[in-house]
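It should be emphasised that the depicted structure is a prediction, and the values quoted were computed from it without experimental measurement. Residue numbers begin at 1 in each chain, while the letters A, B, ... track the order of the sequences. For the numbers below, each heavy atom of this structure counts, side chains included, while hydrogens, waters and symmetry mates do not.
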2 protein chains.
Amino acid sequence: MALRHKMIVNANTFGRLMKQQVRLFSYAIPGEPSAPYLQTPVPGPKSKELMKEMEKIQQSGTVQIFVDYEKSLGNYIVDCDGNALLDVYAQIASMPLGYNHPHLHKVLKKDSSIATLVNRPALGVFPGKDWPEKLNNVLLKNAPPKLNMVTTMMCGSCSNENAYKMIFMAYMRKQRGGREQFTKEEEESCMINQPPGAPKLSLLSFMGAFHGRTMGCLATTHSKAVHKIDVPSLDWPIADFPQYKYPLSENVRENKAEDERCLSKVEDLINTWNKKGMPVAGIVVEPIQSEGGDNEASPEFFHKLQAISKKYGCGLLIDEVQTGCGATGKMWCHEHFNLPHPPDVVTFSKKMQLGGYYHTEEFMINTPLRIFNTWLGDPGKIVLLEGIMDVIRKEKLLDLVESVGQVLEVGLNDLSKKYSNIINSPRGRGTFRAFNGSTTEVRNQITNKLKQKGIIAGGSGDIAVRMRPSLVFQKQHAEIFLSSLNDVLKEING
Amino acid sequence: MALRHKMIVNANTFGRLMKQQVRLFSYAIPGEPSAPYLQTPVPGPKSKELMKEMEKIQQSGTVQIFVDYEKSLGNYIVDCDGNALLDVYAQIASMPLGYNHPHLHKVLKKDSSIATLVNRPALGVFPGKDWPEKLNNVLLKNAPPKLNMVTTMMCGSCSNENAYKMIFMAYMRKQRGGREQFTKEEEESCMINQPPGAPKLSLLSFMGAFHGRTMGCLATTHSKAVHKIDVPSLDWPIADFPQYKYPLSENVRENKAEDERCLSKVEDLINTWNKKGMPVAGIVVEPIQSEGGDNEASPEFFHKLQAISKKYGCGLLIDEVQTGCGATGKMWCHEHFNLPHPPDVVTFSKKMQLGGYYHTEEFMINTPLRIFNTWLGDPGKIVLLEGIMDVIRKEKLLDLVESVGQVLEVGLNDLSKKYSNIINSPRGRGTFRAFNGSTTEVRNQITNKLKQKGIIAGGSGDIAVRMRPSLVFQKQHAEIFLSSLNDVLKEING
């Protein structure tokens with residue numbers, strides 16, 4: 001546990017390691033620092049200088065540091081002031097293999113990769129001759145079980161937006177008894193945003209959810225007021241998401257009752273909205289509410305939610321933008337639930353490099369141009385993703401996530417007992433983990449103090465600290481994190 | 001004018017040219033075919049085979065051909081059946097320099113470029129140390145006059161979505177007398193999509209407009225029913241966009257009256273929506289309706305529209321996603337209008353490689369996290385855009401666009417007179433041009449027959465053919481296009 005301190009003493013450690021390219025640990029990334037190394041407070045003077053530059057151009061209040069991406073390596077982000085920080089946040093959960101993974105450099109340097117990047121196609125009209133093969137061997141090969149259709153997009157928001165549209169279209173097709181030809185009235189009314197062509201439909205979402213910030217997504221996002229305020233929205237139903245008591249093993253009955261309360265609310269809302277003429281065409285839910293507080297629900301909750309979606313004919317969309325691509329120890333978080341049927345739609349982005357959604361054949365829209373845009377994704381990102389999937393498989397990173405997750409679980413449980421007045425409710429799957437601070441102030445103190453010890457973690461919701469390391473996060477990194485967190489909690493405890 | 005036929009006779013022409021890397025014309029791209037060259041009908045057997053593959057995975061009815069992007073060059077797209085087609089559509093107007101421009105290969109091969117692509121940051125939190133410089137030297141250096149703020153996004157839709165949000169936020173701030181702190185009621189009500197936090201505001205758009213397909217954008221898109229049907233929408237005002245009679249010089253009075261009719265409708269709608277409690281916070285308009293029929297309006301129309309936006313305190317957003325980045329002979333199409341004030345917001349994407357919006361300081365939102373998402377664009381695309389802007393400047397491509405545009409203007413005017421029973425209303429700026437077929441069927445015949453002569457053009461709206469070549473489209477390409485179009489029209493004429 002004193003490892004970090006030992007390493008941080010020698011100001012030249014990082015520099016020497018970079019030169020020597022040694023393997024310090026059996027799973028270590030050659031050249032990766034063995035501990036955080038700070039030369040200045042974070043942010044340092046050079047970052048502060050650049051912030052002033054950037055503030056002239058755009059709102060930049062969220063910027064933490066300016067980064068030297070050529071020097072960053074593995075789990076360590078190196079900023080422009082020469083500080084090497086252990087990155088447990090990984091670009092808001094979007095870096096699968098840490099920084100400068102050598103295999104990705106190798107993949108991108110190929111002439112064929114460069115040609116893919118230079119010649120970006122409109123994929124819906126002029127795809128490259130290798131595109132069907134890439135869809136099969138990169139995206140479908142890693143699809144959630146039993147979902148064998150995929151449409152690519154650019155980011156999480158546009159993936160959800162288009163998945164919502166597909167759900168609305170599939171719902172209306174069912175209402176029309178399968179008809180996909182439209183009447184003149186339908187065609188004319190939709191052009192002026194009116195029913196029957198633009199029908200009064202709704203989508204049910206959960207309080208605490210985050211599904212993106214474009215206007216359709218934003219109507220289903222309910223994590224922070226700052227995301228939503230001043231933006232007109234849609235009158236759609238919002239159910240409560242379970243708020244569990246921890247530790248789970250000591251609160252089985254209460255949490256089961258909480259599941260039932262929330263599920264009964266879901267049914268009530270569906271009935272209410274159906275009655276008021278804005279039928280609920282779909283339900284959108286995260287397997288873990290990853291922005292609004294790392295709120296988890298039991299497999300049983302998701303089983304019953306799926307049963308409700310089947311009962312009322314609402315499409316069930318599981319938003320795996322933040323949870324997907326391995327961080328929970330499975331490729332897709334909802335695989336932990338062992339649902340009896342596949343979800344109707346699963347959206348992805350972040351670690352997957354580009355956005356998109358998997359879906360069942362039942363939800364396939366057969367008329368061209370209904371779901372469409374200029375780029376429909378980016379083959380340049382698939383080149384990267386192919387390399388990423390190769391590394392995940394060859395280096396057995398899902399196993400690594402699972403075993404390092406256990407180290408974190410034990411360590412966070414211990415710390416939560418030791419400092420139960422400051423932190424509580426450790427939870428998560430794989431290395432996708434969180435715990436609560438006793439108040440928002442304490443939570444902010446924790447993330448700020450961690451940063452001054454060379455560790456970047458994130459906040460989630462009002463009081464949680466979230467861990468979103470990349471998939472190459474190893475035992476030694478977990479130990480550095482736990483040791484530093486221990487120090488921070490000790491300091492706060494006074 | 002017989003050039004194409006001469007060249008197409010020799011089946012080995014393209015192959016030899018690729019080997020010889022000769023300069024056939026003073027401005028020619030070394031190795032570019034001198035004419036279209038077809039070995040099979042378009043699509044050929046290999047494309048058809050791949051279509052079957054792709055149909056198993058997703059709706060693929062819009063795919064025209066599968067492309068060999070390593071063999072494509074300059075203005076010529078080479079498909080997987082070995083056909084070389086002159087590309088006058090350029091990936092739905094999104095390719096600025098044609099295929100495989102050597103400078104872009106050179107730029108992307110650099111180690112620093114590869115590092116940028118491998119380490120994609122969350123730009124709002126951990127930007128690279130060169131990011132402020134890139135924003136200045138790539139984006140602001142090429143900004144519309146007097147717009148000195150820029151926010152980056154990924155694509156055209158999310159640029160418009162976020163620009164709409166900024167307009168709503170700026171509008172509400174003005175309503176609150178500048179207050180950016182929120183009341184508890186505002187914060188709580190927005191979380192359930194209700195006013196006052198989620199206010200009842202609207203955005204005025206035009207019939208025939210295309211601003212994207214995510215739900216906010218889609219509420220302002222009115223070009224084709226197939227884009228909108230079955231998707232719930234917002235009750236926002238939609239004004240008529242001028243429908244001019246051509247040639248403009250012979251219809252001055254009628255077109256002026258058309259301007260007045262549409263502008264008066266805009267004011268009526270603003271008054272109506274303001275009265276019904278959904279005040280119009282902004283107006284969104286394309287400088288040329290680029291998807292809904294290549295509908296143009298006069299500089300006077302835009303001057304008066306801006307005056308109306310000022311009078312009613314609505315933000316004016318000019319959507320330059322398709323018109324921006326040089327194709328009209330100026331970097332931004334609205335520069336042709338010489339507006340007395342800069343537009344409040346200008347959105348971009350397509351040829352710019354990534355999305356985003358420029359805006360005035362007045363529209364700056366000062367609170368962090370209100371406009372935000374994980375990636376906020378992609379520095380990998382800025383690497384490309386920097387190379388593109390260097391080429392545009394060094395090779396004086398805006399001058400080229402201007403001069404080749406004149407060749408097209410003269411040629412299309414001549415053909416419209418010669419075949420006035422089949423085509424009419426040639427129009428456009430630079431190489432961004434269009435003309436109407438007499439009916440939808442005739443228009444489709446024209447684009448289909450052009451394709452069988454080795455030329456890819458696009459449709460726009462119900463009856464227009466649109467030209468969207470890249471900025472390296474030259475006199476000889478224009479002549480091949482005009483000559484082939486002449487042949488097609490002769491055939492249709494019977």
* Does some side-chain heavy atom of B:Lys350 sit less than 4.5 Å from a side-chain heavy atom of A:Thr374? -> yes
* To do: Look at the side chain of B:Arg213 and the backbone N and O of A:Asn373, then say whether any donor-acceptor pair between them is shorter than 3.5 Å.
  => no
* Asked: chain B heavy atoms under 4.5 Å from A:Asn119: which part of the residue, side chain, backbone, both or neither?
  -> both
* Structure fact -> Ranking A:Ala115, A:Pro232, A:Ser113, A:Pro132 by heavy-atom pairs under 4.5 Å to chain B gives rank one to A:Pro232
* To do: Measure distances from A:Leu139 to the heavy atoms of chain B and classify the residue's part below 4.5 Å as side chain, backbone, both or neither.
  => neither
* Is it the backbone or the side chain of A:Glu161 that comes under 4.5 Å from a heavy atom of chain B, or both, or neither? -> side chain
* Could you tell me which portion of B:Tyr89 (side chain, backbone, both or neither) has an atom closer than 4.5 angstrom to a non-hydrogen atom of chain A? => side chain
* Heavy-atom contact with chain B under 4.5 Å, split by part of A:Ile65 -> both
* Counting only heavy atoms closer than 4.5 Å, note whether A:His101 contacts chain B via side chain, backbone, both or neither. => backbone
* Asked: Under a 4.5 Å heavy-atom cut-off, does chain A meet the side chain of B:Asn100, its backbone, both or neither?
  -> both
* Please state whether the side chain, the backbone, both or neither of B:Leu97 comes within less than 4.5 Å of a heavy atom of chain A. => neither
* For B:Gln91 and A:Pro121, indicate whether the former's side chain and the latter's backbone hold a donor-acceptor pair under 3.5 Å. => no
* Tell me, out of A:Leu369, A:Ile238, A:Asp111, who's got the most heavy-atom pairs with chain B below 4.5 Å. => A:Leu369
* Among A:Thr151, A:Val150, A:Leu104, single out the residue with the greatest number of heavy-atom pairs under 4.5 Å to chain B. => A:Val150
* To do: Could you check B:Glu187 against A:Ile229 for side chain to side chain contact (heavy atoms under 4.5 Å, CB included), going step by step and ending with a plain yes or no?
  => CA-CA 7 Å; B:Glu187 289 191 340; A:Ile229 214 151; 4.1 Å; yes
* To do: State, to 0.1 Å, how close A:Phe168 and B:Met215 come at their nearest heavy-atom pair, and which atoms those are.
  => CE1-SD, 4.1 Å
* Asked: Which atoms of B:Gln353 come close to chain A, meaning under 4.5 Å heavy atom to heavy atom: side chain ones, backbone ones, both, or neither?
  -> backbone
* Contact origin within B:Asp68 toward chain A - heavy atom pairs under 4.5 Å -> both
* A:Ser60, part contacting chain B, at a heavy-atom distance under 4.5 Å -> neither
* What part of A:Ser157 gets closer than 4.5 Å to chain B, counting heavy atoms only: side chain, backbone, both or neither? -> neither
* For B:Asp79, is it the side chain, the backbone, both or neither that has a heavy atom under 4.5 Å from a heavy atom of chain A? -> neither
* Pick one of side chain, backbone, both or neither for B:Leu384, based on which atoms fall under 4.5 Å of a heavy atom in chain A. => side chain
* Asked: Going by heavy atoms in the side chains, are B:Glu186 and A:Asp230 under 4.5 Å from each other?
  -> no
* Select one option (side chain, backbone, both, neither) describing which atoms of A:Met364 are under 4.5 Å from chain B's heavy atoms. => side chain
* Structure fact -> Applying a strict 4.5 Å limit to non-hydrogen atoms, the region of B:Met95 in contact with chain A is side chain
* Asked: Side chains of B:Asn193 and A:Lys228: is there a donor and an acceptor less than 3.5 Å apart?
  -> yes
* Hey, which of A:Ser94, A:Ser47, A:Ser202 has the most heavy atom pairs under 4.5 Å with chain B? -> A:Ser94
* To do: Check whether B:Met207 gets within reach of chain A through its side chain, its backbone, both or neither, counting any heavy atom under 4.5 Å.
  => side chain
* **chain A contact via B:Ile192 - which portion, at a heavy-atom distance below 4.5 Å** => both
* At a heavy-atom separation under 4.5 Å, does A:Met149 approach chain B through its side chain, its backbone, both, or neither? -> both
* Asked: Checking A:Ser223 against chain B: side chain, backbone, both or neither under 4.5 Å from a heavy atom?
  -> backbone
* To do: Measure distances from A:Leu234 to the heavy atoms of chain B and classify the residue's part below 4.5 Å as side chain, backbone, both or neither.
  => both
* Asked: Can you name the salt bridge (Lys or Arg N to Asp or Glu O under 4.0 Å) partners of A:Lys165, sequence neighbours left out?
  -> none
* Which atoms of A:Ile365 come close to chain B, meaning under 4.5 Å heavy atom to heavy atom: side chain ones, backbone ones, both, or neither? -> backbone
* To do: Against chain B, work out which of A:Tyr171, A:Phe372, A:Trp131 has the most heavy-atom pairs shorter than 4.5 Å and name it.
  => A:Phe372
* Give, as side chain, backbone, both or neither, the part of A:Asp378 having an atom under 4.5 angstrom from any heavy atom of chain B. => side chain
* To do: Go through the structure and list residues passing side chain to side chain contact (heavy atoms under 4.5 Å, CB included) with A:Lys200, not counting sequence neighbours.
  => A:Pro195, A:Met278
* Asked: If we only count heavy atoms from C-beta on, is the A:Ile114 to B:Ile114 side-chain gap below 4.5 Å?
  -> yes
* Structure fact -> The interface call for A:Lys224 against chain B, heavy-atom contacts under 4.5 Å, is backbone
